[in-house]
2 protein chains.
Amino acid sequence: MAIRLFIVDDHYMVIEGIHSLLLNEKEIEWMGHAGNADSCLAYLSSQLPDVILMDISMPGMSGIELCKTVKEKYPSVYIIGLSTFNQQSFIQKMMDNGASGYVLKNATPEELIEAIKTVALGKLYLSDEVASVLRKNSDLGIPVITRREKEVLTLIADGMTNSEIAGRLFISVSTVDTHRKNLLAKFESKNIASLIKTAVQLNMI
Amino acid sequence: MAIRLFIVDDHYMVIEGIHSLLLNEKEIEWMGHAGNADSCLAYLSSQLPDVILMDISMPGMSGIELCKTVKEKYPSVYIIGLSTFNQQSFIQKMMDNGASGYVLKNATPEELIEAIKTVALGKLYLSDEVASVLRKNSDLGIPVITRREKEVLTLIADGMTNSEIAGRLFISVSTVDTHRKNLLAKFESKNIASLIKTAVQLNMI
DNA sequence: CCTGCCATCCCACAAAAACGGGATATTTGA
DNA sequence: TCAAATATCCCGTTTTTGTGGGATGGCAGG
């Protein structure tokens, strides 16, 4: 039986490209596509594919959130993340949210087809490139910060001082200061300037 | 006579998508593609297309540099920039380097075809979306900073203090402080944290 | 030639961040 | 259930930033 495939991506060119790449694959049945999270969810309420190829950066709800939502509602669907860049944190979040695989948009047709077939069997698929990024990641990569720390970080990046943040979050300045210290330690940064640079580059704010 | 088209993009899926979108366009002749700047330049040394579709983010030499190089060597070729996001500064730089147009990867097939036909006539093509970004840009967008300010900004973002920067650049701390003040004014930021965030997001560091 | 813009330097004060400790409740996961 | 992680708070000191002035020589374009 053919693997029924659905794709969510806001770039028509990519959809068309994948469609055309898979035209000759008899084992993969093209079910259709959606350009955003909402129309994807709408589609799924009437029909269920085996595998969804999902872009992670989309207007509105991101692929990361969409992945979570879809897996909650339809746990049987296998999801493959799709993106242009190998942004460590995105890949990690996608996998955390239940994705079964991840391929980059510069993957070869063979890789893509292999990914689809692999996840359809319930296995995980990670291209060598992506896998090595994840490995590096766990080695020394992205700082793991708590919810609260992220809140504080966001406010710092918005230009607020410790006392302003304290006011906003209804906590004392000392607490904010502690969070700030912990952030500096986790990012191994010597001051907020370099910390913010890193955080923005890692797409954490 | 058909418009001879060449495409440079490191994402095979996008190349395939565009190829497939243009299959039925008799007025556009598909010449081939390259996955990076070097093979593009190699190709051009033997054959010259009328229009080149060029991704701006590529490994190695970026589309922005490639655009400049190609226009210097082959001024008769029209170049259309291609990217996923409408990053203000990228679009601007691409146009500054001699591109004749710019389309986003989520453009419709019609937009893409119109863009190719328009630039082939020697005109400029900017999609509404892109044009509005450029307009906003000139209105209030990106701060214009001097060479020296950019140097200082980079070092600040790397976590150096004023006195460290002064040492590095062989100038006095006062001077560094003045540059810092000017940067804060130009970015309309109240402190370095929010300034760095903005600068990284605008791809200025 | 002269008007901006740039890069350079100076002073002084207030505000904030960085650094180095320590402490205690609560939540959470193994 | 018990240890680890999280969130909360406090002290004091030094360093760095932020703010608000002012000043000078150089250089390029109108």
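Quick note: numbers below take in every heavy atom, side chains included, and nothing from hydrogens, waters or symmetry partners.
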Atom [atom1] of [X] and atom [atom2] of [N]: how far apart are they, to the nearest Å?
X	N	atom1	atom2	value
B:Arg180	D:dT16	CZ	P	11 Å
B:Leu184	D:dT16	CG	C1'	13 Å
B:Leu195	D:dT17	CG	P	13 Å
A:Lys190	D:dT16	NZ	P	8 Å
A:Ile196	D:dT17	CD1	C1'	15 Å
B:Ile165	C:dA7	CD1	C1'	15 Å
A:Ile156	D:dT17	CD1	P	15 Å
B:Ile192	C:dA15	CD1	C1'	15 Å

query = Is A:Asp9 paired with B:Lys105 through a side-chain N to carboxylate O contact shorter than 4.0 Å?
reply = no
I want to check one thing: is the phosphate of [N], taken as OP1 and OP2, less than 4.0 Å away from some side-chain N or O of [X]?
X	N	answer
B:Asn162	D:dT16	no
A:Thr146	D:dA5	no
B:Ser163	D:dT15	no
A:Thr175	D:dC9	yes
A:Ser174	D:dC10	yes

More than 12 heavy atoms from other groups under 6.0 Å of NZ on A:Lys68 = no
task = Start with the C-alpha gap between B:Val77 and B:Leu44, add the side-chain angles, then the distance that decides, and say whether side chain to side chain contact (heavy atoms under 4.5 Å, CB included) holds.
result = CA-CA 10 Å; B:Val77 182; B:Leu44 294 183; 5.7 Å; no
message = On DNA chain C, does the nearest nucleotide to B:Asn191 precede the nearest nucleotide to B:Phe170 from the 5' side, or the other way round? Give the residue.
response =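 By nearest-heavy-atom nucleotide position, the 5'-most residue is B:Phe170.
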task = Tell me yes or no: between the side chains of B:Ser174 and B:Asp177, is some donor less than 3.5 Å from an acceptor?
result =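 No pair is found: no donor N or O on one side chain lies under 3.5 Å from an acceptor on the other.
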ask   = Is it true that a side-chain atom of B:Glu149 and a backbone atom of B:Thr146 form a donor plus acceptor pair closer than 3.5 Å?
value = yes
query = What is the per-nucleotide protein-contact pattern of nucleotides 20-30 of chain C, from the 5' end, where B denotes a base atom under 4.0 Å from a protein heavy atom, S denotes such proximity for sugar-phosphate atoms only, and - denotes neither?
reply = BB---------
message = Under the ring pair (Phe, Tyr, Trp, His ring centres under 6.0 Å) test against A:Phe6, which residue among A:Trp30, A:Tyr78, A:Tyr43 passes?
response =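 The single option meeting the ring pair (Phe, Tyr, Trp, His ring centres under 6.0 Å) with A:Phe6 is A:Tyr43.
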request  = Mind running side chain to side chain contact (heavy atoms under 4.5 Å, CB included) on A:Met54 and A:Leu82 for me, showing each step along the way?
outcome  = CA-CA 6 Å; A:Met54 189 178 286; A:Leu82 197 60; 5.9 Å; no
remark   = Out of C:dC9, D:dT8, D:dT6, minimum distance to the side chain of A:His179 belongs to D:dT8
